[in-house]
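Since the model is a prediction, treat every value here as computed from it, not as a measurement.
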Amino acid sequence: MALNPMKLFRTRRFDASPKHRSVYSAYEIAYSVIDLLAAVLFIVGSILFLDDATVYAGTWLFIIGSVFFAARPAVRLARELHLAGLDDNDESQGSHKNVPAKTATDQARTPAG
């Protein structure tokens, strides 16, 4: 199955179904944790740069923090690929689509033709 790039980064896809919301939330948590860790590493690295004896450790924290900052867009892209790959049938069960299912009585009234 080829993925259509135009399916990525749709604004309301995350709300298409309970499964979509669950996937979106998990990726948002990962994104936020990565963001926080990157910021903390840069703050601690900056403090370590104040003393010549700890510059080496501070440099490594900057490098690791930079990797975390690079991981942010990777997490967002992974989230979009995951959401785009969810079954379209999941979208039909979304909370914003309030189309009632046909009952047996409704189906009996429908002409066969």
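Between the side chain of Ser22 and the main chain of Pro18, no donor-acceptor pair closer than 3.5 Å is present. Side-chain N or O atoms of Ser17 include one that pairs as donor or acceptor with a backbone N or O of His20 at under 3.5 Å.
Sequence neighbours left out, the pairs with a member in residues 55-66 that pass side chain to side chain donor-acceptor pair (under 3.5 Å) are Tyr56-Trp60.
The hydrophobic cluster containing Val44 does not contain Phe69, counting ILVMFWY residues as joined when their side-chain heavy atoms lie under 4.5 angstrom apart, directly or transitively. In the hydrophobic clustering of this structure, Ile63 does not group with Leu36; members are Ile, Leu, Val, Met, Phe, Trp, Tyr whose side-chain heavy atoms approach within less than 4.5 Å, directly or through other members. The cluster map of Ile, Leu, Val, Met, Phe, Trp and Tyr, joined by side-chain heavy atoms under 4.5 Å apart, puts Ile43 and Val67 in different clusters. Cluster annotation: Ile47 and Phe42 are assigned to distinct hydrophobic clusters (Ile/Leu/Val/Met/Phe/Trp/Tyr, side-chain heavy-atom contacts under 4.5 Å, transitive).
Summarising the geometry of Ala38 relative to Gly65, their closest heavy-atom pair is CB-O, 3.7 Å, with the distance given to 0.1 Å. Taking every heavy atom of both residues into account, Val75 and Ala30 meet most closely at CG1-CB, 4.4 Å.
Atom CD of residue Glu28 and atom CG of residue Asp35 lie 10.0 Å apart, to the nearest 0.5 angstrom.
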Phe62 vs Leu41, side-chain contact (heavy atoms from CB on, under 4.5 Å): CA-CA, chis, key distance, verdict = CA-CA 7 Å; Phe62 280 136; Leu41 288 170; over 6 Å; no
Test log, rule side-chain contact (heavy atoms from CB on, under 4.5 Å), inputs Val55 and Leu48 = CA-CA 6 Å; Val55 167; Leu48 292 178; over 6 Å; no
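The environment of Asp51 atom CG is dense: over 12 non-hydrogen atoms of other residues, nucleotides or ligands sit within 6.0 angstrom.
Ring planes of Tyr27 and His82: perpendicular class, angle over 60° (limits at 30 and 60°).
With 3.5 Å as the limit, one finds no donor-acceptor pair spanning the side chains of Arg76 and Tyr31.
Every residue was checked against the ring-ring contact (aromatic ring centres under 6.0 Å, His included) condition with Phe68, not counting sequence neighbours, and none meets it.
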